[in-house]
Amino acid sequence: MKIKPFLIVAFFSLLLINCKQVEDKSSTIELITVEEMDSLLEMGKVQLIDVRTPREYADGHIEGALNIDFRNDNFEALIAKVDKTKPVAVYCGRGGRSSKCSAYMKKAGFTKIYDLDGGISKWKFKGKRIEK
C-alpha cells in the first residue's frame, strides 16, 4: 500500500520535469552572421532591437532598430512590451550585451531570438548601412 503514493509522486514529478523540458525547447537563440541578419531584415520577419545605450544608438544604428538599453534600470519592463511570439533580432556593440539580453529573453519566454555575431562593429566592418 505504501508503494502507490510513491508511484503517484514519481509519476507527477516526471510529468513536471518533462513539461519544463518542452517549455525550454520552444525558445531558441541563434547566433547569426551579418549576411543572415541582412537577409532577415530584408524579408521583414524580425523585430530589431539595439541593446546599446541611447548615446551609442544616436551615434549610428541599423535602420528600423528599437533602442532598449540592456543596462537601463527599466530594461525588464521595456523588453516586456516587445511581442514574445514574433522573432526578435538583437545586437549591441560587439556581442556581449546582446548575448546576455538573448539569454534573459529566452527565460522570459520569447520564442525565437537571433543574436548578431560581432554586433554593429562587424555590421559596419562588412560595409552595411547605418543611420543616425
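Note that these values count all heavy atoms, side chains included, but never hydrogens, waters or copies made by symmetry.
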Working to the nearest 0.5 Å, report the span between [atom1] of [X] and [atom2] of [Y].
X: Gln47; Y: Lys86; atom1: CD; atom2: NZ; value: 6.0 Å
X: Asn74; Y: Ile68; atom1: CG; atom2: CD1; value: 11.0 Å
X: Ile120; Y: Ile62; atom1: CD1; atom2: CD1; value: 5.0 Å
X: Arg52; Y: Asp69; atom1: CZ; atom2: CG; value: 10.5 Å

Is the shortest side-chain heavy-atom distance between [X] and [Y] below 4.5 Å?
X: Val46; Y: Tyr114; answer: yes
X: Ile49; Y: Val82; answer: yes
X: Leu41; Y: Leu48; answer: yes

Q. Take atom CG in Asp83; do more than 12 heavy atoms of anything else shown fall under 6.0 Å from it?
A.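 Result for CG/Asp83: enclosed.
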Q | Neighbour count above 12 (heavy atom, 6.0 Å) for Lys100 NZ | A |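 Count not over threshold, so no.
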Q: Return yes if a side-chain donor-acceptor contact under 3.5 Å exists between Glu56 and Thr53, otherwise no.
A: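 Short answer, yes.
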Q. Regarding Asp115 and Tyr91, is there a side-chain donor-to-acceptor distance under 3.5 Å anywhere?
A.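 Per modelled atom types, Asp115 and Tyr91 side chains form no pair under 3.5 Å.
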Please name the pair of heavy atoms, one in [X] and one in [Y], separated by the smallest distance, quoted to 0.1 Å.
X: Asp50; Y: Ala65; answer: CB-CB, 4.1 Å
X: Gly95; Y: Cys92; answer: N-SG, 3.0 Å
X: Gly93; Y: Ser121; answer: O-OG, 2.8 Å
X: Lys106; Y: Ile113; answer: N-CD1, 3.6 Å

(Q) Tell me whether Trp123 contacts the main-chain N or O of Asp38 through its side chain, where contact means a donor paired with an acceptor under 3.5 Å. (A)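 Looks like no, no N/O pair under 3.5 Å.
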**Q.** Derivation and outcome, side-chain contact (heavy atoms from CB on, under 4.5 Å), residues Asp117 and Lys122
**A.** CA-CA 8 Å; Asp117 188 23; Lys122 193 169 248 182; 4.3 Å; yes
Q: From the options Val90, Leu40, Val34, select the one residue that forms a side chain to side chain contact (heavy atoms under 4.5 Å, CB included) with Leu116.
A: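 Of Val90, Leu40, Val34, side chain to side chain contact (heavy atoms under 4.5 Å, CB included) with Leu116 is met by Val34 alone.
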**Q.** Test: Lys112 cationic atom under 6.0 Å from Phe110 six-membered ring centre, within 45° of axis
**A.**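 Because its charged atom misses either the 6.0 Å distance or the 45° angle limit, Lys112 does not stack over Phe110.
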Q) Out of curiosity, does Ile32 fall in the hydrophobic cluster containing Met105 (side-chain heavy atoms, cut-off under 4.5 Å, transitive links)? A)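 No, because Met105 and Ile32 fall into different hydrophobic clusters, even though each may have its own neighbours under 4.5 Å.
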Q. Would a hydrophobic clustering, with Ile, Leu, Val, Met, Phe, Trp and Tyr connected at side-chain separations under 4.5 Å, put Tyr57 with Ile79?
A.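 Result: no, two separate clusters.
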Q) So, are Glu35 and Lys128 salt-bridged, with charged N and O less than 4.0 Å apart? A)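 Answer for the salt bridge query: no.
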Q | For Tyr104, all residues meeting ring-ring contact (aromatic ring centres under 6.0 Å, His included), sequence neighbours excluded | A |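 For Tyr104, the residues satisfying ring-ring contact (aromatic ring centres under 6.0 Å, His included) (neighbours in sequence not counted) are Phe75.
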